[in-house]
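Everything below concerns the one structure shown next.
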Amino acid sequence: MEHFKIAVLAGDGIGPEIMAVAVAVLETAGKLDGLTFAFTEAPVGGAAIDATGEPLPAETLNLCQSSDAVFLGAVGGYQWDTLSSDKRPERALLGLRSALGLFANLRPATILPQLIDASTLKREVIEGVDILVVRELTGGIYFGQPKGIFPEKKGMRRGVNTMSYGEDEIERIGRVAFESARKRRGKLCSVDKANVLEVSQLWREGITKLANEYPDVELSHMYVDNCAMQLVRWPKQFDTIVTGNLFGDILSDEAAMLTGSIGMLPSASLGSSGPGLFEPVHGSAPDIAGQDKANPLAQILSGAMLLRFGINQPKTADRIEQAVLKVLDLGYRTGDLAAPGTQVIGCKQMGEQILAAL
Ligand code: NAD
């Protein structure tokens, strides 16, 4: 019997609805494999601002730091939109990333055969697509110095951001990417702009050097502009993609949208040690909150990533992913995925179907 401590931060909007369903799924799937969990809830985002005045209270952070994994719903909502940027719900995400040292963001984009018509692209282009984007999350142009808006001559100002990567940062994200590719189909494409940027030249050098340690992984390089095109031209050529913070921000959204269904996309953020953070890609969907309309599958699949990448329980992760496929095969959909011939059910019922499939 293995036991794990999970910090549960449901957050705002649809967060609590989808989290309740996903926690029940983890509990049930875990039991089947002899795993038990201690789930401890804590406020984050807008809920935490209302309770304590802070988007990421110290007690919440302490709980995360002393857990085996952090399971997050979503944060944000209209009622907090007028707060200053350092007090907004979304601030909690940055706080968690930096406090937990989460430098690697893993975003799968998988086309499920049952949902192929949800994509805006042609069936033959996207059928069978299964991509993992590994994005560097704590370096690059979002954090490089100098940054700011500086006065120049004649009353003009200049905005500056600096894209910079140290060799150590390149190596650690590279390792996560090679290890991930190894667990998949063994192909890694590193994306950069080495034809123009020195920082990318160092990136390419660092990733190429690492390849010697992973002879079983086939490494290729691609310029970011070409990658943006190839993702919509022939996405099946990609297995695992690794890239820096800015390029990864854009390409992971582009890859995700090949699937056409935001309610299905999970993510994982990992550090070198300590707990990882697992959350759906979508936000708090305030427009449908409290109506039992939300699709809980991205949250449930984030739970599967928690098992696979957070606490190394791939068998239980597989179980959950199989259960999701089975329920989709049975024709059940939440409203966001409604299509002719399917049966539309609510968030809670979707959870019950997944439990039944497990
Ligand atoms: P959103 O992802 O919340 O919603 C976009 C659209 O997708 C909405 O129409 C919504 O109803 C729908 N949608 C999203 N998730 C769904 C689900 N699981 N099931 C069914 N439909 C779903 O993005 P937004 O509207 O731009 O942002 C809303 C709030 O969420 C904002 O406050 C934003 O800052 C915040 N946000 C938080 C995160 C996060 O917590 N990681 C990410 C993005 C946005």
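Numbers for residues simply follow the sequence, beginning at 1. Each ligand, and each atom within it, is numbered from 1 in the order the structure gives.
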**Item:** Atom pair CD/CG of Glu59 and Asn62 - distance to nearest 0.5 Å
**Value:** 7.5 Å

**Prompt:** Can we say Asp225 and Lys193 salt-bridge, meaning some charged N sits less than 4.0 Å from an Asp/Glu carboxylate O?
**Reply:** yes

**Request:** May I ask you to identify the nearest protein heavy atom to atom 18 (N) of ligand 1, giving residue, atom name and distance to one decimal place in Å?
**Result:** Asn295 O, 3.0 Å

**Asked** With a 4.0 Å heavy-atom cut-off (strictly under), which part of Leu93 contacts ligand 1: side chain, backbone, both or neither?
**Response** side chain

**Request:** With heavy atoms only and a cut-off of under 4.0 Å, state how Ile18 meets ligand 1: side chain, backbone, both or neither.
**Result:** neither

Exercise answer: donor-acceptor pairs, residues 91-111 side-chain atoms, under 3.5 Å, sequence neighbours excluded:
from   : atom 1 : to     : atom 2 : distance (Å)
Asn105 : ND2    : Ala268 : O      : 3.2
Asn105 : ND2    : Ser269 : OG     : 3.2
Arg107 : NH1    : Asp253 : OD1    : 3.4
Arg107 : NH2    : Ser252 : O      : 3.2
Arg107 : NH2    : Asp253 : OD1    : 2.8
Thr110 : OG1    : Asp130 : OD1    : 3.4

**Message:** Give me the residue, atom name and distance of the protein heavy atom closest to atom 38 (C) of ligand 1.
**Reply:** Gly283 CA, 3.5 Å

**Message:** Regarding ligand 1, does Pro280 bring an N or O atom to under 3.5 Å of one of the ligand's N or O atoms?
**Reply:** no

**Request:** List every atom of ligand 1 that sits less than 4.0 Å from any heavy atom of Ala74, numbering the atoms from 1 in the order shown and giving each element.
**Result:** 40 (O)

**Request:** Do me a favour and list the nearest non-hydrogen protein atom to atom 21 (N) of ligand 1 with residue, atom name and distance?
**Result:** Ile288 CD1, 3.6 Å

**Request:** Before signing off on this row, confirm whether Asp81 and ligand 1 have an N or O atom pair separated by under 3.5 Å.
**Result:** no

**Asked** Which heavy atom of the protein is the closest neighbour of atom 9 (O) of ligand 1, given with residue, atom name and distance?
**Response** Asp287 OD2, 3.0 Å

**Prompt:** Under 3.5 Å, N or O to N or O, is Arg88 touching ligand 1 that way?
**Reply:** no

**Item:** Interatomic distance, Asn295 atom CG to Leu337 atom CG [nearest 0.5 angstrom]
**Value:** 5.0 Å

**Message:** Among residues at least two apart in sequence or on other chains, which ones pass ring pair (Phe, Tyr, Trp, His ring centres under 6.0 Å) with Phe178?
**Reply:** Tyr214

**Request:** Please examine the side chains of Leu219 and Val217, heavy atoms only from C-beta on, and report whether any two atoms are closer than 4.5 Å.
**Result:** no

**Request:** Considering the heavy atoms of Glu279, write down every atom of ligand 1 situated less than 4.0 Å from one of them.
**Result:** 41 (N)

**Spatial distance of atom CG (Leu277) from atom CG (Leu137) [nearest 0.5 Å]** = 9.5 Å

**Complete:** atom 7 (O) of ligand 1 sits nearest the protein heavy atom Ile262 CG2, 3.8 Å

**Prompt:** Using a distance-only test with no angle check, is there a side-chain donor-acceptor pair under 3.5 angstrom linking Gln322 and Arg319?
**Reply:** no

**Complete:** Of all protein heavy atoms, the one nearest atom 29 (C) of ligand 1 is Ser284 OG, 3.3 Å

**Complete:** With heavy atoms and a 4.0 Å threshold, my read on which part of Ala298 contacts ligand 1 is neither

**Item:** Closer than 4.0 Å: a protein non-hydrogen atom to atom 36 (N) of ligand 1
**Value:** yes

**Request:** Tell me which protein heavy atom sits closest to atom 34 (O) of ligand 1, plus the residue, atom name and distance to 0.1 Å.
**Result:** Glu90 OE2, 2.4 Å

**Message:** Is atom 32 (O) of ligand 1 touching the protein, meaning some protein heavy atom lies under 4.0 Å away?
**Reply:** yes

**Message:** For Ile354 and Val324: C-alpha separation, side-chain torsions, deciding distance, then whether side chain to side chain contact (heavy atoms under 4.5 Å, CB included) applies.
**Reply:** CA-CA 6 Å; Ile354 301 287; Val324 168; 4.0 Å; yes

**Request:** For atom 28 (C) of ligand 1, grab the closest protein heavy atom and report residue, atom and distance to one decimal in Å.
**Result:** Pro286 CD, 3.5 Å

**Asked** Any N or O on Ala285 sitting closer than 3.5 Å to an N or O of ligand 1?
**Response** yes

**Prompt:** Given the protein's heavy atoms, is any one of them under 4.0 Å from atom 24 (P) of ligand 1?
**Reply:** no

**Proximal ligand 1 atoms for Ile14, defined as those under 4.0 Å from one of its heavy atoms** = 17 (C), 18 (N)

**Prompt:** Are any non-hydrogen side-chain atoms of Ile6 and Ser67 less than 4.5 angstrom apart?
**Reply:** no

**Asked** Rounded to the nearest 0.5 Å, how far does CG of Leu270 lie from CD of Glu179?
**Response** 11.5 Å

**Message:** List ligand 1 atoms under 4.0 Å from Gly76, heavy atoms only on the residue side.
**Reply:** 32 (O)

**Message:** Less than 4.0 Å from atom 14 (C) of ligand 1, is there any heavy atom belonging to the protein?
**Reply:** yes

**Message:** Would you compute the distance between atom CG of Leu26 and atom CE of Met19 and round it to the nearest 0.5 angstrom?
**Reply:** 9.0 Å

**Prompt:** If you count the atoms of ligand 1 from 1 in the order shown, which ones are under 4.0 Å from a heavy atom of Ala294?
**Reply:** 19 (N)

**Interatomic distance, Arg175 atom CZ to Ile207 atom CD1 [nearest 0.5 angstrom]** = 10.5 Å

**Message:** Counting C-beta onward and ignoring hydrogens, is there a side-chain heavy-atom pair between Asp336 and Ser261 closer than 4.5 Å?
**Reply:** no

**Asked** For ligand 1, which part of Gln299 has a heavy atom less than 4.0 Å away: the side chain, the backbone, both, or neither?
**Response** neither

**Asked** Hey, does Phe238 have a side-chain heavy atom less than 4.5 Å from the side chain of Val129?
**Response** no

**Message:** Is there a polar contact between ligand 1 and Val75, counting only N or O atoms under 3.5 Å apart?
**Reply:** yes

**Item:** N or O pair under 3.5 Å between Gly77 and ligand 1
**Value:** yes

**Prompt:** Do the non-hydrogen side-chain atoms of Leu258 and Ile131 ever get within less than 4.5 Å of each other?
**Reply:** yes

